[in-house]
2 protein chains.
Amino acid sequence: MCPRAETAPAKAVAKEEKILEAARKRFAYFGFPKVTMDEIAADVGLAKPSLYYYYPTKESLFRAVIASEQTRFLGNLEALLARETSAQAKLRNYVDLRYDLFRELANLSALGTQTYTEWKSLSGDLFRALEEKELGMIHSVLLQGERSGEFGTPDPLHTARTLLHVMHGLRLRLCAIPTGAVLENEAYAALRKEMDLVITMFIDGMKSHHSHLH
Amino acid sequence: MCPRAETAPAKAVAKEEKILEAARKRFAYFGFPKVTMDEIAADVGLAKPSLYYYYPTKESLFRAVIASEQTRFLGNLEALLARETSAQAKLRNYVDLRYDLFRELANLSALGTQTYTEWKSLSGDLFRALEEKELGMIHSVLLQGERSGEFGTPDPLHTARTLLHVMHGLRLRLCAIPTGAVLENEAYAALRKEMDLVITMFIDGMKSHHSHLH
DNA sequence: TTGTCGACTATTTTACCAAACAGGTCGAAA
DNA sequence: TTTCGACCTGTTTGGTAAAATAGTCGACAA
């Protein structure tokens with residue numbers, strides 16, 4: 001209520017986020033090892049030791065960056081699933097969001113694969129936690145689809161997991177393997193089309209499974 | 001006809017294959033850089049220079065190893081497609097074979113990912129050529145399924161490519177990302193199940209697409 | 001002619017050391 | 001509460017000498 005009462009902490013939080021943003025940019029462009037704390041400090045107009053007032057280690061700062069990206073994604077995803085639509089529509093929307101996150105992460109990482117695996121190793125637990133939540137959401141959508149009679153699967157959890165792995169696999173493949181496409185954009189457009197086809201196949205496959213049970 | 005006429009070259013060919021086999025084992029266990037030509041030579045009871053009589057460079061030997069593995073796979077695949085069965089059955093058999101090749105390559109490479117990407121970079125053209133042929137075969141099976149009325153796709157080539165990419169993506173993911181599974185065998189069993197589910201979804205999806213056109 | 005190898009070359013890896021660098025700490029001062 | 005100068009310490013870097021390895025050549029043998 002009183003603006004003054006919030007001033008001191010608000011300022012600290014604001015600075016924390018400025019640091020986070022500067023770090024995100026640096027890490028994204030140059031990768032974790034090539035970024036120095038001095039540089040990040042300079043970006044936000046501070047000296048190195050001041051950074052340690054907000055983040056105890058370089059790694060914790062990095063993890064904070066990852067966590068913030070993931071939180072944003074999860075927020076969007078949750079909002080999406082909360083909206084009252086068909087399970088199919090939700091699955092397609094999920095693909096949309098997933099693609100966007102892939103795209104963003106790739107955009108920010110000059111070096112593709114390298115950064116990706118680097119991130120994975122530095123904060124594998126975060127990634128695993130994200131996948132866990134992502135899996136849970138897909139799973140719940142599949143269950144919704146089953147309840148509402150849109151489609152069915154013999155094993156919704158297995159299907160959800162496979163779907164998740166397929167999407168990540170496609171993305172990983174794109175990063176790990178030099179595609180024929182010269183332009184990065186082309187490669188991503190192809191990824192997009194493949195993700196769409198996969199989700200279509202899964203939806204149609206699940207519909208047909210359901211109708212077999214009729 | 002005359003056994004004598006074949007003796008000299010036959011012996012040479014046999015030795016060539018002994019070298020190939022020794023090299024395969026070494027490369028598989030230790031990876032390309034950690035293997036020396038002396039070691040391979042010793043394995044087959046020769047001195048290093050003799051190897052160069054059969055293979056002009058270390059890399060050519062390595063490529064010969066890869067090529068032989070791939071040829072075997074392609075042979076099996078072709079034999080499979082030649083057999084007179086339904087397109088569905090062929091797709092499922094393709095998954096079988098593909099899985100086996102994944103499994104074998106992984107079995108032979110102590111270091112998983114590392115070796116995989118190493119191989120890719122050293123003989124990317126071979127891998128690309130293999131994928132090209134693999135793609136062609138999947139494509140032809142999809143076309144067969146369409147002709148025979150088993151199922152249909154709006155874009156068979158795109159579907160074939162996506163299927164290929166999905167399978168490779170799943171495998172790649174397994175290599176690149178430390179899974180929760182402690183035992184490697186578990187991880188591969190999971191891969192197997194996922195590959196099966198994907199092909200099921202694709203088959204069902206394509207069936208339903210076909211029946212929509214009815 | 002086909003196949004083998006000992007001895008040699010050229011290039012890459014390794015081993016090592018010193019200097020620079022970068023993550024992290026501390027106490028003082030706004 | 002927030003900032004920073006000075007300091008500490010483990011790691012990376014650069015350069016070099018020694019070792020190892022891919023690849024060559026000419027001689028020798030089947």
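Everything numeric here is computed off the predicted structure, so don't read it as measured data. Chain naming here is simple, since letters A, B, ... match the order of the sequence lines and numbering starts at 1 in each.
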For this session: Could you state the atom-to-atom distance from NZ of B:Lys34 to P of C:dT14 in whole Å?
Result: 7 Å
For this session: Both distances under 3.5 Å, Watson-Crick or G-U wobble: report the partner of C:dC5, or none.
Result: D:dG26
For this session: Using the ring of A:Tyr188 (Phe, Tyr or Trp, six-membered ring only), decide whether A:Arg171 places NZ or CZ under 6.0 Å from its centre and within 45 degrees of its axis.
Result: no
For this session: Send over the distance from A:Arg26 CZ to C:dG23 P, rounded to a whole Å.
Result: 12 Å
Problem set entry | A:Leu51 CG - C:dG23 P separation (whole Å) | 10 Å
Exercise. Roughly, in whole Å, what's the span from CE in B:Met37 to C1' in C:dT13?
Worked result: 18 Å
Problem set entry | Phosphate OP1/OP2 of C:dT4 contacted by B:Lys15 side-chain N/O (<4.0 Å) | yes
Problem set entry | Phosphate-side-chain proximity, B:Tyr54 and C:dG3, N/O vs OP1/OP2 below 4.0 Å | no
For this session: Using distance alone, with no hydrogens and no angle criterion, decide if B:Lys133 and B:Gln70 have a side-chain donor and acceptor under 3.5 Å apart.
Result: no
Exercise. Whole-Å distance between C:dG23 C1' and A:Phe27 CZ?
Worked result: 12 Å
Exercise. Under the 3.5 angstrom rule, does the side chain of B:Lys58 hit a backbone N or O of B:Val35 as a donor-acceptor pair?
Worked result: yes
For this session: In whole angstrom, give the distance that lies between atom OH of B:Tyr52 and atom C1' of D:dT21.
Result: 8 Å
Problem set entry | Side-chain donor/acceptor of B:Lys48 to backbone N/O of B:Asp38, under 3.5 Å | no
For this session: Using the closest heavy atom to pick a nucleotide of DNA chain C for each, name whichever of A:Pro56 or A:Glu39 lands nearer the 5' end.
Result: A:Glu39
Problem set entry | N or O in side chain of A:Tyr53 less than 4.0 angstrom from D:dT3 OP1/OP2 | no
For this session: Take the protein atom NZ of B:Lys58 and the nucleotide atom P of D:dA22, then report the distance between them rounded to whole Å.
Result: 5 Å
Hey, what are the protein-to-nucleotides 5-7 of chain C N/O distances that come in under 3.5 Å?
unit_1: C:dC5; atom_1: OP2; unit_2: B:Ala47; atom_2: N; d: 2.9
unit_1: C:dC5; atom_1: OP2; unit_2: B:Ser50; atom_2: OG; d: 3.1

Exercise. Are any of the side-chain heavy atoms of B:Arg103 and B:Asn185 separated by less than 4.5 Å?
Worked result: yes
Seminar exercise, completed: Between A:Glu146 and A:Thr153 the two heavy atoms that sit nearest each other are OE2-N, 3.0 Å
For this session: To the nearest Å, give me how far apart CZ (B:Phe32) and C1' (D:dT21) are.
Result: 12 Å
Seminar exercise, completed: For A:Val198 and B:Phe202, the nearest pair of non-hydrogen atoms, with its separation, is CG2-CZ, 4.2 Å
